[in-house]
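Report on the following structure.
So that the names make sense, note that chain A is the first sequence line, chain B the second, and so on, each numbered from 1.
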Amino acid sequence: MAVTVGKRKRVSKKSKLSWRKHSKVADIEEFLEEQREDERLGGPLDQISDDQLFTLDTKPDETLISTRQQRKLKALRPLKGFAALQPHTNVPDPIKKRNRVRTVDERRSVIVKQKELENRKKNILKAKEVNAIAERRLNEIKRENKEKPDEFLHDIWNKEVDLPIKKDQWAEPITKVHNLRNLGIPVKRTLKDLSKKKSILPAVEVPHPGMSYNPSFKDHQNLIKEIAEAELKVIKDEEHVKRVTRDIFRKVLPKQKESEWLIEMSEGLMKVKDEIDIKEEYEDLDKISVNPPVQNKKKTLKQRRKQKEQLALEKKLKAKKMEKKKIGDIHKLKVLQKHLEHMGKKQEKLQEIRKIRQEKDRIKPKTLGSTKFEDLGPDFQMGEDISGNLRGLKKEGNLLLDRFKSLQKRNILVPSKRAHKKKNKVKKYTKPGHKEDWEKTVAKTGNVAKRK
Amino acid sequence: MVAKRKKKYSTGEAAQFMTRKAALKKLQLSLNDFRHLCILKGIYPREPRNRKRAQKGQTGIKTLYHVKDIQFLLHEPIIWKLRDYKIFNKKVGRARAIRDFENLHKYLNNHPTLKLDHIVKERYPTFLDALRDLDDCLTLCFLFSTFPSLAHVPRDQSALCQRLTMEFLHAIIEAKALRKVFISIKGYYYQAEIKGETITWIVPHHFSFEPQQKSEVDFKIMSIFVEFYTILLGFVNYRLYHSLNLHYPPKFSSQSTIDDVEKNIVDEEAFVSERVSALNYPILKVTTDLIQDDVTIDNFALDEDPNKVEEAKKEAEKVKKLKTLFKGLKFFLNREVPREPLVFLIRCFGGEVSWDKVLFIGSTFDENDETITHQIIDRPSMPKQYISRYYIQPQWVFDSINARELLPVEKYFMGEVLPPHLSPFIDPERDQQYIPPEERALYDPSVLEDQYKKDENIIQEMTNAEEESNQESNVEEEKIREKETNKSKLSVSTGEVYKEVPWEKSRQERQEYKLREKMIKKKHKKLYNSMMEGRKERAKAIWLLRKKRRLHDEKKATEKVGKSRKQE
């Protein structure tokens, strides 16, 4: 669109479109916009008095309130959710008499209100209020009589109500459930293996006789031996791991390692001497073709036919052979039988091994999570810790940890690592007497003083 | 129409299992709440047969649950309570933050409580089921009763544990159900028998509280276990007390010797709880008539091994004797002796016990009482001693109970080096092992006496035999002569009365046994055979060792005889 500036040209404003385009209303628009903004913000600035606009700051700022107080003030403010309901302009409602829904209190008739006031003065209560008071009292009694969580006032195993429908052998289960539900007795189906133990291990394992506070020599030696054996096994495993990981690498000084790395990385690259020779070789490299060109030779029809015939013949021969073998197999029945028997025996043996393994695995904890279960082993005391009487008894082992591990062992808890290790918060600060400038100033002078 | 193509992992093992994350999503619970719920309901993760299939092709190890288990949890009304808790915590947090104490009190007074009665009933449909699972419950409750209020263990929980465990001990005392005790370095092991179920529990040694290392044990989880177990123990206590005709909560007879001044000082509740923890007062009974709980063993156990029946009878007799082991004995505990276990043990077996009045509430008689028979003491010497009583070390009580008879006190006198405290929980495999007579004597002192007598007999026989051998040769010759004279040519022999062949019966039995052996399924036959072979082998080993020992003893005895002759 080319707009010529300077020369005013008369424009026809015949159509609605052109009228809209060429009439100049910007100044009017601007004025109106300003007026509206003033209205929204509470009147034009020149009409507002200075007192309304400015305040005399005679008191210090109260910004130094604590966060707790700030939070308290914040909590007193209306909820943010209600902000959408508030008017966002200062423009008064254009409809002067807007039809507002009156509140319940406003809607009630004056006579009834008057009557109620009078009744209240005479202490006459409504039926609703009388009921409420009675109910409150009942509830209080109920609450008092309610079984507290640490009170056990009934036998849960002896509460079964004998109902004829329960024993009825002709009623179908669905009928029973229906009848009981209608009597207000919830019928719940519990899991079948809920009371089944998840492990064959006992909850409290029988203690080793060597764990006695005053064990016999033999028992104690047995226990120590057991523990030593377990420990030796752990050491052996550790050594094995070391042997197959750490020890298979030779130890090299860092300097040597660097030089070796350099040699290794530059393997295959040309040395200075070689470069000259290779340059010469490069020159006639273009003439030599590495691979001879390949031609796509097509087979003739005859060749194809022959190939097909060959394949069919091969198939036929194979089938013939199979047929022959089948007949031969009849004579081989004994061998086959033997083979089958052999296989069966093998299977049986495998099954036995599998069964033994399963039996062994029953004692082991199952893998329920990604962390492996680690057993603590029995607690023990060395000979010097055993005092031989109750007075000098030393305690060994943590019973809570023992319980925790036992639950894990019996597949009740999943062995896990602590997800978040909380570090204690340490507040760091330097004592005023230990600042660095102390070293620079006082310590120096001290040194000087010593020298003197 | 072609059947709809089946999606992978929609059936089989993959459809049976659910990861924990999926379970959380399904139940709309946080991880903590889920853990809480699972522990309360007794739902534990499972191990699949084929992990990769169960995890729908995902690698790695995930915690898996059965889908049916999770569906079972879905219907639990407690889930709603857990959600209530969440809202409650939010409200309380807000009220506390803005210091709105009025509302805070209102919320705290109406806090939601988890009611676990129905879960106890659901998990343990019968009382016996509950008894079967009491080991864990008791051990944890006894342990938690020693705790102060900790981060995840509220004070009222440990207080409740203390109360319930003491009540349980009272029930054991009244039922006389204790069977075995063992002092280990870890704690006291107790074993009781209630309604035919053996219950074993550990009580920690009574020392001052030692701080637990948080990195090792998740306190929150253990606290949840205890939360459930307290409820279980409470209902078990109720049932036990009622089956013993006792009041529950326990009541004490008013006429027992306690001055009213003391009663007035403390309030009623503290008064009762202190007397409960004293363990020294009998609980008031509902009715005075005795319950006949001693079941006499029937004689007509037809299909059982007669030896077994005999053994069971002997066992029952021993247990009956054990129940009144300390009856008529009066014990006094010195200060340094752990009060709680000893009072429990002595009262369990019918003894009377007391301690220094200043030490703990509930002492019934003083040290200067002349009727005291035993004073339990754990120090090397005592300045003032009474002649009328034994001064013994506490181990005597424990060993006597395990031996099921009052052991001679000599070895347990004050200042004596104690004999080893042996475990009563020996595995039954041990009777398939060779035990030298000296070791057996530690368990049964009468064995050594027998051995000693045997040795003496052998020596005597040896000396006698030499003397008799001369006489015997004369006697035999005479007998031969008599036989020759008695023979006559014609005689009527008296008819023999048909006698049952004495070994016929055992032969019959052996035959029947062999037939029964043949009835064993092929599936178990190999196991049975290997078991029997092992048994035979072990028996042979024992026999061999015994023989060696016998030969060795005889050799020694002959040497002894030879020596004594030489001296003569």
* Examine whether an atom of B/R163 lies under 4.5 Å from a heavy atom of chain A, and if so say whether it belongs to the side chain, the backbone or both; otherwise answer neither. => side chain
* Asked: Which of the residues B/N237, B/L160, B/I39 is involved in the greatest number of heavy-atom pairs with chain A at under 4.5 angstrom?
  -> B/L160
* **Partner chain A: residue of B/Q395, B/R35, B/K62, B/K68 with the largest heavy-atom pair count (under 4.5 Å)** => B/Q395
* Structure fact -> Applying a strict 4.5 Å limit to non-hydrogen atoms, the region of B/R51 in contact with chain A is side chain
* B/L114 versus chain A, heavy atoms under 4.5 Å apart: side chain, backbone, both or neither? -> neither
* **Contact class of A/L413 relative to chain B, heavy atoms under 4.5 angstrom** => side chain
* To do: Select, from B/P204, B/P394, B/P249, B/S184, the one with the greatest count of heavy-atom pairs under 4.5 Å involving chain A.
  => B/S184
* Asked: Do you know which of B/H205, B/E336, B/H242, B/M222 has the most heavy-atom pairs under 4.5 Å to chain A?
  -> B/M222
* To do: Would you mind checking which part of A/N398 comes under 4.5 Å of any heavy atom in chain B, side chain (CB onward), backbone (N, CA, C, O), both or neither?
  => side chain
* Could you have a look at B/R99, B/Q393, B/K115, B/K121 and say which one has the most heavy-atom pairs with chain A under 4.5 angstrom? => B/K121
* **Side-chain donor-acceptor pair present, B/Q157, B/S223, cut-off under 3.5 Å** => yes
* **Contact leader toward chain B among A/N158, A/L194, A/L393, A/I412, where contacts are heavy-atom pairs under 4.5 Å** => A/I412
* Asked: Aromatic ring centroids of B/Y238 and A/F152 under 6.0 Å?
  -> no
* Contact part of A/K405 toward chain B, heavy-atom cut-off under 4.5 Å: side chain, backbone, both or neither? -> neither
* Structure fact -> So, the part of A/D193 with a heavy atom under 4.5 Å from chain B: the answer is side chain
* Structure fact -> Honestly, the part of A/K394 sitting under 4.5 Å from a heavy atom of chain B is backbone
* To do: Would you mind checking which part of B/P338 comes under 4.5 Å of any heavy atom in chain A, side chain (CB onward), backbone (N, CA, C, O), both or neither?
  => side chain
* Asked: Considering only heavy atoms, which portion of B/I183 lies under 4.5 Å from any heavy atom of chain A: side chain, backbone, both, or neither?
  -> both
* Asked: Is any side-chain N of the basic residue among A/E348 and A/K345 closer than 4.0 Å to the acidic one's carboxylate O?
  -> no
* Asked: Under a 4.5 Å heavy-atom cutoff, which of A/L153, A/T367, A/D379, A/V414 has the most pairs with chain B?
  -> A/T367
* Spacing of OG1 belonging to B/T139 relative to OH belonging to B/Y189, to within rounding of 0.5 Å -> 8.5 Å
* **Donor + acceptor pair across side chains of A/N389, A/Y213 (<3.5 Å)** => no
* Asked: How many angstroms lie between atom NZ of A/K364 and atom CG of A/L201, to the nearest 0.5 angstrom?
  -> 12.5 Å
* Give, as side chain, backbone, both or neither, the part of A/F380 having an atom under 4.5 angstrom from any heavy atom of chain B. => backbone
* **Atom CG of A/L340: over 12 foreign heavy atoms under 6.0 Å** => yes
* Asked: Do other residues, nucleotides or ligands put more than 12 heavy atoms under 6.0 Å from the CZ atom of B/F127?
  -> yes
* Asked: Between A/D219 and A/H208, is any side-chain donor less than 3.5 angstrom from a side-chain acceptor?
  -> no
* Asked: By a 4.5 Å heavy-atom criterion (distance strictly below it), what part of A/L76 contacts chain B: side chain, backbone, both, or neither?
  -> neither
* Asked: Got a second to check how far A/K366's NZ is from A/Q408's CD, nearest 0.5 Å?
  -> 15.5 Å
* **Closest-packed option against chain A by number of heavy-atom pairs under 4.5 Å, given B/I43, B/L143, B/D378, B/V417** => B/D378
* Counting only heavy atoms closer than 4.5 Å, note whether A/E205 contacts chain B via side chain, backbone, both or neither. => backbone
* Interchain contact, B/F142 with chain A, by part (heavy-atom threshold 4.5 Å) -> neither
* Which atoms of B/V236 come close to chain A, meaning under 4.5 Å heavy atom to heavy atom: side chain ones, backbone ones, both, or neither? -> both
* Toward chain B, the part of A/K198 with a non-hydrogen atom under 4.5 Å -> side chain
* Would you please say whether a donor-acceptor pair under 3.5 Å links the side chains of B/D133 and B/Y124? => yes
* Asked: Any Lys/Arg nitrogen of B/K186 or A/E396 sitting under 4.0 Å from an Asp/Glu carboxylate oxygen of the other?
  -> no
* To do: Heavy-atom distances under 4.5 Å only: say whether B/R123 touches chain A with side chain, backbone, both or neither.
  => both
* Side chains of A/R71 and A/T67, donor plus acceptor under 3.5 Å -> no
* Asked: Does a donor on one side chain and an acceptor on the other come within less than 3.5 Å for B/T200 and B/Q191?
  -> yes
* Output yes when B/D136 and A/R410 qualify as a salt bridge under the 4.0 Å nitrogen-oxygen rule, no when they do not. => yes
* Do we see a donor-acceptor contact under 3.5 Å between the side chains of B/E167 and B/Y248? -> yes
* Asked: chain A heavy atoms under 4.5 Å from B/P45: which part of the residue, side chain, backbone, both or neither?
  -> both
* Counting only heavy atoms closer than 4.5 Å, note whether B/F72 contacts chain A via side chain, backbone, both or neither. => side chain
* Would you mind checking which part of A/P215 comes under 4.5 Å of any heavy atom in chain B, side chain (CB onward), backbone (N, CA, C, O), both or neither? => backbone
* Pair A/H154, A/E147: side-chain N/O donor-acceptor within cut-off below 3.5 Å -> yes
* By a 4.5 Å heavy-atom criterion (distance strictly below it), what part of B/I231 contacts chain A: side chain, backbone, both, or neither? -> both
* Pairs of heavy atoms under 4.5 Å with chain B: top-ranked of A/P207, A/P202, A/A75, A/G369 -> A/P207
* Asked: Side chain, backbone, both or neither: which part of B/D129 has a non-hydrogen atom closer than 4.5 Å to chain A?
  -> neither
* Asked: Between B/N103 and B/D100, does any side-chain donor sit less than 3.5 Å from a side-chain acceptor?
  -> yes
